[in-house]
Structures are given as C-alpha cells and as structure tokens.
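Keep in mind it's a predicted model, so treat the numbers as computed, not measured. Counting starts at 1 for both ligands and their atoms, in listed order.
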Amino acid sequence: MSLVTNLICVRCGAPYSAGQAMICPDCGPNRGILDIEYDIHRAGMTLTRESLRARTRSHWRYRELLPLDDAFCPTDGHIGWTPLVDAPRLAQALGIARLRLKDDGRNASGSFKDRASSVGVAHALQTGATEVACASTGNAASSLAHCAAAAGLPCNIFVSQIVPEGKLAQLLAYGARVFKIIGTYEQAYDLCNQACAHFGWYNRNAAINPYLVEGKKTGGLEIAEQCADDPPDWVVCSVGDGCSIAGVWKGVRQMREIGITHWTPRMLGVQAEGVAPLTSLWQALAEHHPTVEHPTVEHLPAQLDFQTCGDTYADSINVPIPRNARKALLAILESQGAMINTSDDEIREAVRQTGRLTGIFAEPAAATAVAGIAAARREGVIDAHGDVVAFITGNGLKDIAGALSAVGRPHEIRPEMDQVRSIVESEPEA
Ligand SMILES: *Cc1c(COP(=O)(O)O)cnc(C)c1O
Ligand SMILES: [Zn+2]
C-alpha cells in the first residue's frame, strides 16, 4: 500500500481519496489541480538517513513518498540520483559565493522530465492502463516515450511544430506514435486530452495529472539529501508550466517534515522575458500588496489571468498559459522566494558559460536557471554571499540548433600547420 492519504484541490481545498478523481470537478480541468498528501508520520518511520544509505541510487529510493503501491514501485532503476556538481568558476563569474549544479541532463532520456514520466508509467501500470499519451513541447514526450518503451507500453505523443529535431528523433527512436500538430501547442494539448478520454489512454499531461508532480518532487528530495548538512540559501529552477519548481519545493519541504533535514531554501523561478506569465503574476501580486513583505496563499486571487506577447527560443519553457501556475506561485510564496526574467541573449550567454566553466552542456531552458542567477544578482535578489543550487533540467544535445546559435563556430582551415599556428597566436587563450 502507498502512504497516500488524500488528494487536495489547490484552489478550493476539497479532499478526494486516491482513485476518486484526477482533477477537482468543482473547479474544472484548468484550475482544479490536485495535490497528493501522505501519512508523513509513517513515512518518517522507515525513510531515515540510515535506511537511505542502503537504498538504490535512483529516485526510487524514496518509495514512502511516492504515490505507488509496493508492487508497482520499482526497487531499482537508472533515473534520478543525479550528481550535484560543484561549480566554483561559474559561481565566480556570476558573482556569488557558491554554486552547485544538479545535473539532470544525465537522466535516461536527458532531462528532468524522466522523474515525472517514470512515476507516470508506474502509475499507469498500477491503474491497469495499456497505452499512455501526452502533449508536450518536447522533453515530457521524449521521456514518456523512453519510459513507455522500457516498460513495453505503447505510447502516443502530440507535439506542436516547434519541437527541436533532437527531441523528435528521440520520440521516433523510442517507437512512439507521433502526431505533429499543424497548429499551436494549446491545440495539441486539447487534442491529446480528447484522445485520452476517447481511447482510455493514460494521460501524462503533467498539470492535470497530480501523480506527475510527485515524480518531479524527487528532484527536491535528492537536493535535500545531498545538501542535508550543508544547505543552500537558494534553489533555482527554470519555469514553464510550473510543475518542476512546485515539485522541487514539495520535495525539500517533505524532507524537513519527516525530520531528515532541518532547513528549507528560498525558491527562485526563472522565465524567459518573452514568455513570462508567472513572473508577471508574481510582480502583480507584490504591487497589489506593497506593504506585505512576504505575501502568502491568502494573497493569491481565485482567478489567475495570464498575459504574454513575445517569444523565446528556449522551447521547453515556451509556455504562454502555464498549467500549474497556482502550485508554482505557492512554492515561491511559501519559501519566501522570487520570480525573475532573463533575455534570450542572456540564456545564450549562460549556455556558453555553463559549458566552459563547468563542463556541463545545458539545453537553453536549462541554462535559463543560470541566466536567472545573473539577473537575480543584478537586481539584488541574491547577494554576493549567495549559496545557490541550480537545476540543469535538460541536456544540450537535445537542441543542437539552439546550442549552435549560442556557442560560436569552428575555425575552418586547410590541413597546414601554418594555419594552426596563426590561429593559436591570435587567440592564445583558446
Ligand atoms: C519542462 C522543462 C522545464 C520547466 O518545467 P515546468 O514544469 O514546465 O515548469 C524546464 N527545463 C526543461 C529542460 C524542461 O524540459
Ligand atoms: Zn476545487
């Protein structure tokens, strides 16, 4: 048995039991997102620092805090437990005291989304589903296709036209049935939901499926464990739909609730300035309550409205209508954190810097977290003493065109030593 007690609507607070609902019927599919609650006391009885020492080096090590029955929770795997990489040279370039990068580009399909998709596929099997589906700008789809292929489940994917070729190649290589929609991401998303309802496919779409955030939560559980006695001040995530930052926050919070740690960080959410509906909402909240130093849940309006007009080349966070706005904003509010924007040029600079100064190749949406640290430093949100953990949410190989637009070109020469010498002399630092 899982230790799930209830599913609570994040908007109206109504409780549902497991299996009763995937969304709150009173609040509707766009607003009535559920949040899974656990018997934290029982979880803490067996999930301890001591018991963790002997467990699998994957995200399945946290089974007490996953919404899966024992028979469907794998005991072993190759997703999660990604390294936390010290990045002193990048920290110096950004003007902060310390930076550690959580390198989630090393997951099985190359992104943070593997955490969610693996829990989704395990939950699909638990519910008896025989096919899975999702709509995605890329990584959610490629990770679902990977996890479905690994489990032997057929997989249906709805992508929009902006999917980068690396991610598309992954989908096809993993054998998914891919629908590339001639239309917007919104239309792909709606069509996927209709198809799931019609064919009975398990719907991986992260915001309306509360089980997915539980997978993303493992990113926060791992940060808490890896930094247990050496906590950061800030944890930085790039933000699209908002599920990732919400999950990470829930993870670090639960590790404190069960007593494995005694701290929580402030959460910094980063968006690209062209598509930044959550930063806008966050700023509006602060302007609405200028005398409140730290707004709380009570300050969130019942109706959230989004405005964006621009664009960004960071496809994974190009989300004009975020599906999990409320959970994301709650993470920022509860942690006394902040939202910040960065430009596409700054994201390109962050791709370059991260590669050169740490050896980690980040896709644009992943480098956005690093660009956000620079912006937060400039705006005085993080100071020079800042001790920061940033999630690198996707591998740079997923979007080669995006990377090449940031990192420059090779020296094209004839096979002659003279040519090599003249370039080395003009550019001694390489
Ligand atoms: C999905 C994704 C994000 C953002 O996660 P949300 O849950 O949509 O906020 C950030 N970076 C990468 C690489 C992603 O794939
Ligand atoms: Zn509700």
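Looking only at heavy atoms of the protein, atom 12 (C) of ligand 1 is closest to T393 OG1, 3.3 Å. The closest protein non-hydrogen atom to atom 5 (O) of ligand 1 is S244 OG, 2.8 Å. Among protein heavy atoms, the minimum distance from atom 3 (C) of ligand 1 is reached at K113 NZ, 3.5 Å. Looking at atom 8 (O) of ligand 1, its nearest protein heavy atom turns out to be D241 N, 2.8 Å.
Residue I317 has no N or O atom closer than 3.5 Å to an N or O atom of ligand 1. Between G242 and ligand 1, at least one pair of N/O atoms sits closer than 3.5 Å.
Taking a cut-off of under 4.0 Å to the non-hydrogen atoms of N139, the atoms of ligand 1 that pass are 13 (C), 14 (C), 15 (O). Taking a cut-off of under 4.0 Å to the non-hydrogen atoms of V239, the atoms of ligand 1 that pass are 9 (O). Interface atoms of ligand 1 facing K216, defined by a heavy-atom separation under 4.0 Å, are 7 (O). Per-residue contacts place S238 under 4.0 angstrom from the following atoms of ligand 1 (heavy atoms of the residue considered): 4 (C), 10 (C), 11 (N). Which parts of ligand 1 touch G240 is read off a 4.0 Å heavy-atom cut-off, strictly below it: atoms 4 (C), 6 (P), 8 (O), 9 (O).
Ion pair E214/R63 not flagged as a salt bridge, since none of the NZ, NE, NH1 or NH2 atoms sits closer than 4.0 Å to an Asp/Glu carboxylate oxygen. Electrostatic pairing of D104 and K113 does not count as a salt bridge here, judged by no charged N lying under 4.0 Å from a carboxylate O. Between E363 and K167, at least one side-chain nitrogen of the basic residue sits less than 4.0 Å from a carboxylate oxygen of the acidic one, meeting the salt-bridge criterion. Using a 4.0 Å cut-off between charged nitrogen and carboxylate oxygen, D230 and R98 count as a salt-bridge pair.
Judged by distance alone, the side chain of T354 and the main-chain N or O of A362 form no donor-acceptor pair under 3.5 Å.
With 3.5 Å as the limit, one finds no donor-acceptor pair spanning the side chains of Q170 and S109. A donor-acceptor contact under 3.5 angstrom links the side chains of D344 and T312, judged on distance only. Side-chain contact check for Y211 and Q126: no donor-acceptor pair (N or O, by modelled atom type) lies under 3.5 Å. For Y62 and Q254, the side-chain atoms include no donor-acceptor pair closer than 3.5 Å.
In this structure, S111 falls outside the shell of residues with a heavy atom less than 4.0 angstrom from ligand 1.
To the nearest 10 degrees, the Zn ion (ligand 2) sees SG of C27 and SG of C24 at an angle of 110°.
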